[in-house]
Each structure stands twice: as structure tokens, then as C-alpha cells.
Amino acid sequence: MDKISVFGLGKLGLPLAVAFAQRGFSVIGVDIDQKRLDILQAGIAPFYEPGLDALLASSDLAVTSDAQDAVMNSDISIIMVPTPTDRTGMFSLEHVISVCMEIGNALRNKSEYHLVVISSTIMPGSCENEISNV
């Protein structure tokens with residue numbers, strides 16, 4: 001397994017995607033922000049992280065907003081989307097659940113094994129409850 005899709009190209013997801021790409025993995029970065037994708041396609045990081053621009057420019061990172069294509073062309077999907085605090089003080093699972101639904105829809109058309117990793121910050125028990133019920 002050497003094809004990875006990273007969902008969420010923010011301050012954690014983009015460096016992870018670039019690090020995997022630098023180590024020879026085939027990486028597809030997925031984000032819903034078209035402006036961010038346009039900047040990345042120009043080889044520029046949309047935020048400052050020491051050394052990231054140089055690594056991004058020398059990596060073979062593909063970026064897209066097409067979750068279906070990313071899942072179909074990878075073996076592992078890593079979810080690194082924001083989980084802001086909601087009004088009750090808990091982590092909001094809105095973005096995680098949205099991505100899980102997209103990945104699940106794509107997996108309906110895939111017969112090969114596909115590993116899904118949630119790296120976003122979530123509360124203990126969330127996978128057994130809210131997320132697994134998606």
C-alpha cells in the first residue's frame with residue numbers, strides 16, 4: 001500500500017501530505033477550498049511553515065476537491081479536518097462526519113481493501129457512536 005489520500009490540507013494535513021510525498025508515496029491531497037487548491041497547484045503553501053514551500057515545490061503532491069477520485073486512487077485515506085469546539089464545549093464532528101460520508105460513498109464503488117484513519121481531534125467514543133452511524 002503506497003497510495004495515500006489526505007483529507008484536509010490545513011496546517012496539519014498539508015505538512016503530513018507533503019512529508020509522505022517526499023518519502024516516495026503517491027499522495028492525493030483533498031480539500032473543499034478551491035482557492036487553497038489553486039495556490040497549492042501553483043506550488044505555494046497557503047500559510048507559513050518553515051521549509052514547507054521548498055518541500056511542496058519539490059514534491060509530487062496531487063491536489064483535488066474530488067473525494068471520489070481520491071479514494072478510488074488510493075489505498076489509505078487520512079482525515080485531518082478541523083474539529084472546532086461547539087457551543088457545549090465538545091469537539092464538533094461536523095467536518096469529520098461530512099468527510100466520512102464522502103469516503104463511504106466512494107467505497108461503495110471500490111472492491112479493494114481501503115484503510116480510513118481519523119487523525120482529527122475527536123472525543124473518546126466518537127468512532128463507536130456518531131461516526132460509525134454515518
Side-chain angles (χ1 to χ4, degrees):
M1 288 202 256
D2 60 354
K3 297 178 182 175
I4 302 169
S5 54
V6 176
F7 284 78
L9 298 175
K11 293 185 179 188
L12 298 176
L14 180 58
L16 178 72
V18 170
F20 277 126
Q22 283 290 312
R23 285 163 180 77
F25 292 92
S26 174
V27 182
I28 304 168
V30 185
D31 205 287
I32 60 172
D33 183 344
Q34 189 59 49
K35 182 178 177 183
R36 176 173 295 200
L37 294 174
D38 292 342
I39 292 168
L40 289 169
Q41 287 174 336
I44 302 166
F47 51 84
Y48 177 73
E49 179 69 35
L52 184 58
D53 276 331
L55 290 173
L56 180 61
S58 67
S59 74
D60 192 21
L61 175 67
V63 297
T64 186
S65 61
D66 188 340
Q68 173 86 20
D69 181 64
V71 170
M72 297 306 287
N73 290 295
S74 63
D75 304 304
I76 301 168
S77 291
I78 302 172
I79 301 171
M80 295 197 79
V81 296
T83 52
T85 306
D86 65 17
R87 60 181 171 77
T88 67
M90 303 293 283
F91 293 111
S92 170
L93 297 176
E94 176 184 358
H95 301 300
V96 173
I97 289 172
S98 176
V99 170
C100 286
M101 289 174 66
E102 289 188 59
I103 292 171
N105 287 334
L107 289 175
R108 287 189 179 106
N109 301 314
K110 188 170 183 172
S111 59
E112 298 88 20
Y113 178 81
H114 192 94
L115 176 65
V116 178
V117 177
I118 298 175
S119 186
S120 295
T121 304
I122 60 173
M123 297 300 289
S126 296
C127 285
E128 295 172 354
N129 298 313
E130 298 95 342
I131 295 173
S132 67
N133 293 324
V134 172

Would M80 end up clustered with I39 when hydrophobic side chains under 4.5 Å apart are linked, directly or stepwise?
no

Test item: D31 side-chain N/O and L9 main-chain N/O as donor-acceptor pair under 3.5 Å:
yes

Answer yes or no: is there a donor N or O on one side and an acceptor on the other, between the side chain of R36 and the main chain of P46, under 3.5 Å?
no

Would Y48 end up clustered with L55 when hydrophobic side chains under 4.5 Å apart are linked, directly or stepwise?
no

Atom CD of E94 with >12 non-hydrogen neighbours under 6.0 angstrom:
no

D33 and S65: CA distance, side-chain angles, deciding distance, side-chain contact (heavy atoms from CB on, under 4.5 Å) verdict:
CA-CA 8 Å; D33 183 344; S65 61; over 6 Å; no

I need the minimum non-hydrogen distance between A106 and Q68, along with the two atoms involved.
CA-OE1, 3.3 Å

Output the distance between atom CG (L16) and atom CD1 (I4), rounded to the nearest 0.5 Å.
7.5 Å

Can you see which heavy atom on S120 is nearest to which on V96, and at what distance?
CB-CG2, 3.9 Å

Closest non-hydrogen atoms of A45 and L40, given as atom of the first, atom of the second and distance, are CA-CD2, 4.4 Å

Side-chain donor or acceptor of K110 paired with backbone N/O of V71 under 3.5 Å
yes

Are L107 and N105 packed together at the side-chain level, in the sense that at least one heavy-atom pair is separated by less than 4.5 angstrom?
no

CG of D86 to CG of L93, rounded to nearest 0.5 Å, is 8.5 Å

Return the set of residues passing side-chain hydrogen bond (donor to acceptor under 3.5 Å, both in side chains) with S5 (not counting sequence neighbours), or none when no residue passes.
S74, S77

side-chain contact (heavy atoms from CB on, under 4.5 Å), that's the test. Do V116 and I76 meet it? Break it down for me.
CA-CA 6 Å; V116 178; I76 301 168; over 6 Å; no

Quick one: are V63 and Q41 in side-chain contact, heavy atoms under 4.5 Å?
yes

Do I97 and V30 sit in the same hydrophobic cluster, where Ile, Leu, Val, Met, Phe, Trp and Tyr count as joined when their side-chain heavy atoms come under 4.5 Å apart?
yes

In this structure, would L37 and V18 fall into the same cluster of hydrophobic residues linked by side-chain contacts under 4.5 Å?
yes

Interatomic distance, D75 atom CG to F25 atom CZ [nearest 0.5 angstrom]:
10.5 Å

Atom CD1 of I28 and atom CE of M72: how far apart are they, to the nearest 0.5 Å?
11.0 Å

d(S26 OG, D2 CG) to nearest 0.5 Å is 7.0 Å

Answer whether the closest heavy-atom distance between the side chains of V99 and H95 falls below 4.5 Å.
no

Which heavy atom of G13 sits nearest a heavy atom of V6, and at what distance?
O-CG1, 3.7 Å

Between D53 and I44 (side chain of the first, backbone of the second, donor and acceptor by atom type, cut-off under 3.5 Å), is there such a pair?
no

Between I78 and F20, is any pair of side-chain heavy atoms under 4.5 Å apart?
yes

Spacing of CG belonging to D66 relative to CD1 belonging to I32, to within rounding of 0.5 Å
14.0 Å

In terms of heavy-atom contacts, F47 and G10 come closest through CZ-O, 3.3 Å

Greater than 12 external heavy atoms within 6.0 Å of N109's CG
yes

